[in-house]
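Side-chain atoms are counted along with the backbone in the values below, which use heavy atoms only and exclude waters and symmetry mates. We name chains A, B, ... by the order of the sequence lines, and we start the count at 1 in each one.
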There are 4 protein chains.
Amino acid sequence: MKKTGAKNARAAILKAADQLFGKWGFDATSTREIAERSGVNKALIHYHFKNKDALLESVLDQYYQKLAGVLLAVINRPGSAEQNLHLLIDLYLDFLSENLNFSRIVQRESAGGKHLGRIQKHLVPIFQAGSRLVQGGYPESKSGELSAQHLIISFYGMIVSWFTYSRVIEHLLDKDPLGKKELELRRRHLHRMLDLILEPLARR
Amino acid sequence: MKKTGAKNARAAILKAADQLFGKWGFDATSTREIAERSGVNKALIHYHFKNKDALLESVLDQYYQKLAGVLLAVINRPGSAEQNLHLLIDLYLDFLSENLNFSRIVQRESAGGKHLGRIQKHLVPIFQAGSRLVQGGYPESKSGELSAQHLIISFYGMIVSWFTYSRVIEHLLDKDPLGKKELELRRRHLHRMLDLILEPLARR
Amino acid sequence: MKKTGAKNARAAILKAADQLFGKWGFDATSTREIAERSGVNKALIHYHFKNKDALLESVLDQYYQKLAGVLLAVINRPGSAEQNLHLLIDLYLDFLSENLNFSRIVQRESAGGKHLGRIQKHLVPIFQAGSRLVQGGYPESKSGELSAQHLIISFYGMIVSWFTYSRVIEHLLDKDPLGKKELELRRRHLHRMLDLILEPLARR
Amino acid sequence: MKKTGAKNARAAILKAADQLFGKWGFDATSTREIAERSGVNKALIHYHFKNKDALLESVLDQYYQKLAGVLLAVINRPGSAEQNLHLLIDLYLDFLSENLNFSRIVQRESAGGKHLGRIQKHLVPIFQAGSRLVQGGYPESKSGELSAQHLIISFYGMIVSWFTYSRVIEHLLDKDPLGKKELELRRRHLHRMLDLILEPLARR
DNA sequence: GATGAATGAGCGTTCATTCAT
DNA sequence: AATGAATGAACGCTCATTCAT
């Protein structure tokens, strides 16, 4: 139908795969569906990607490449740790709300399965960088119950759960949690949480 | 081969399904694998369960039934909201650490897909009960950036992320996050987080 | 559910099998459906009948036994061949209209398949008896284009096609061909056809 | 194995399906058997046909398309109704004797079941056209016991029963009813039957 | 680059039948 | 006489992938 150029086909496949993996999950999505949605021949998927696994990993890599750029900017920035952590929340929220399929794909694959390695490869450095950021500003957080690692995991959990559980939350709020207004409220919640945690941490 | 009693076969199927769904996910698990692991004939699965979907829902229902009992005990308990919220964290942690597959299954299915409805049915009331518990003790949390709903989602995210991302976290800590020692540390972290959040909330 | 006596169960199975074989055909009917419709346990079918094939053959045998009684009465009757042939039409019509599933089952099984032998066993003697009846009254019909055998096949075809094609004919007439009025008209048609054929045959 | 052109495979599947459906019936024929007989991969059947039902309907549609061409030629022909009805018998006989599976498939499916609709769609117009042909030549046949509709059903029954009951008739005649000689005799029988019916009808 | 045809493997499911009670 | 549990075989169908063009 649509005659797309070479690059368009690859991009169309990636886009369709992203949408379907996000909505139904990797294993519940067939290459036939991806081909139909992207308007390309089924066999063409295997011309552009080694196999279905490689297609998922391409989707993931693409996301994490974009995300890495965002996070690097924060980490290499001058400024206080506090400011940078607040910035981190903002940027992560922005990224997730602009890439709604991303958190759902990661949600499923990080729970285990054949693509866990790829998730680990990308996510561990992010957690490490975040931990270093906290430790840089808060020396007390080297270990113990308020260690940087626990704090990072907690904030990561707070942030992404809003997106990964959005289909549950929408029944709790009777509103779309991903709508502009509700997202803004969530943003303020997260910043307040950070303030409430960091203040006593700094006082020690 | 083995002529086991009726309840044995059904239970064996449920157990095998739980393990495989937890490890690989619903769609990546075949009924043949479930049959092999549970040592029953493949057709027997469809004798005891209408279909594969119903098998997953049985697994889920079983978990949420157990969980509901636990949570009900907390909610109907006398005592301050603060005490009860701390208890909630303890019991939820206990439940998840004793049912490691549970959080992984929920993790994947709550991200969307054909079983989302079942997740919503169970999880929304839990969130609602939790929110009521917070509001009962902290009238300020009726709305706004520190609303009970946001607090519950945040703590839910903090708690479960330790389990659902355990395979990532183990590379961050170079330890098993689900080992006794690390779980204990996580528990203390969560209680401290709750203290840090509730204290200023009470002061208002 | 229903506690049926021993003979009731067997009869209930036969009745349900008759209905389902008639409506959907032997191969499209499962023993499970027969068990459900007859309100008995699935395994009980194999207690009363050797297997599914034997069940169909029981249904067929039952019909042909009833039918044989009817036809024998005609053949052994005194009276002219003409009168007896008219009577044969009446009785066959009566039998088919009272046993609507019968012609449909025969229709399908006589076209070929594993039960063809049983059909042949019952139907060949009927055709032979009919042929003898014609030849007894019309000596000219020993051979040739108006042989008794061709005449019997033709009238058999005329009679049963009204029943076996009833679901097609109902769209041709915009009426139920098996309703009382239309059946009566068909009866008169068949008698007229017989008159038109026999008259010139007698004149020779 | 064999890389045949596209049309070969499709045609081979249709041919094998026709033979097996004719011999054993739709429900008693498995896709595996069709694949084996046609020498193609089992999955290829579902590449060329949506499902097994669609395969049967393709077989049917193919037959009725051929048949429609034959019948149209008769109906649009000049000449007396009598001549055309005789021609109709000849052509229908020719068609059935050249397509022996056809009448057996129709025989079974017209008795009821999931493909009844397809049979009705094709057969009702044929009956209507035939009825119009009779009525055109014999105005008396508008209604009543010798109505065109009854006459058409009767002749249809006479014609097809020779084929659909051939496996029974062969035991009656001790000859192959579908052999050249016996078919020729049947043809003469049917023409005589038509003469015997039409003559008095014309005289009125 | 792109595609229609083709394939081996496996899917979830249902089947008729048997077994133990 | 009756039944819940169990089974091996087969069902129609879809899968990811490959091939030839």
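Rounding to whole angstrom units, CZ of residue B/Arg10 and P of F/dA6 are separated by 12 Å. One atom, CG of B/Asn8, and another, P of F/dG4, lie 18 Å apart when rounded to the nearest Å. What separates CD of D/Glu36 from P of E/dT7 is a distance of 14 Å, to the nearest Å. We find that CG of B/Leu56 is positioned 15 Å from C1' of E/dG12, with the value rounded to whole Å.
Applying the salt bridge (Lys or Arg N to Asp or Glu O under 4.0 Å) rule to D/Lys114 yields the partners D/Asp53; only residues at least two apart in sequence or on another chain are considered. Under the salt bridge (Lys or Arg N to Asp or Glu O under 4.0 Å) criterion, C/Lys15 pairs with no residue at all, not counting sequence neighbours. With sequence neighbours left out, B/Tyr64 forms a side chain to side chain donor-acceptor pair (under 3.5 Å) with no residue at all. Here B/Lys50 pairs with nothing under the side chain to side chain donor-acceptor pair (under 3.5 Å) rule; sequence neighbours left out. For B/Glu36, the salt bridge (Lys or Arg N to Asp or Glu O under 4.0 Å) test picks out B/Arg32, with sequence neighbours left out. Taking A/Asp27 as the reference, nothing meets the side chain to side chain donor-acceptor pair (under 3.5 Å) condition, with sequence neighbours excluded. Taking A/Arg118 as the reference, A/Glu57, A/Asp61 meet the salt bridge (Lys or Arg N to Asp or Glu O under 4.0 Å) condition, with sequence neighbours excluded.
Closest of all the heavy-atom pairs between A/Ile34 and A/Ser38 is O-OG, 2.7 Å.
Comparing the P positions of F/dT21 and E/dG1 gives an interatomic distance of 22 Å, to the nearest angstrom.
Between D/His48 and E/dA6 there is a side-chain N or O to OP1 or OP2 distance below 4.0 Å. The shortest distance between the side-chain N/O atoms of D/Tyr47 and the OP1/OP2 oxygens of E/dA5 is below 4.0 Å.
Stem analysis of DNA chain E (Watson-Crick or G-U pairs, both distances under 3.5 Å, runs of at least three) returns E:2-21 with F:2-21.
The distance from the OG1 atom of D/Thr31 to the CD1 atom of D/Ile45 is 5.5 Å, given to the nearest 0.5 Å.
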Response to the item:
Nucleotide by nucleotide, nucleotides 9-16 of chain F touches protein heavy atoms under 4.0 Å in the pattern (B base, S sugar-phosphate only, - none) -BSSBBSB

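With E/dA2, F/dA5, F/dT3 as the candidates, the nucleotide lying closest to the side chain of C/Leu44 is F/dT3.
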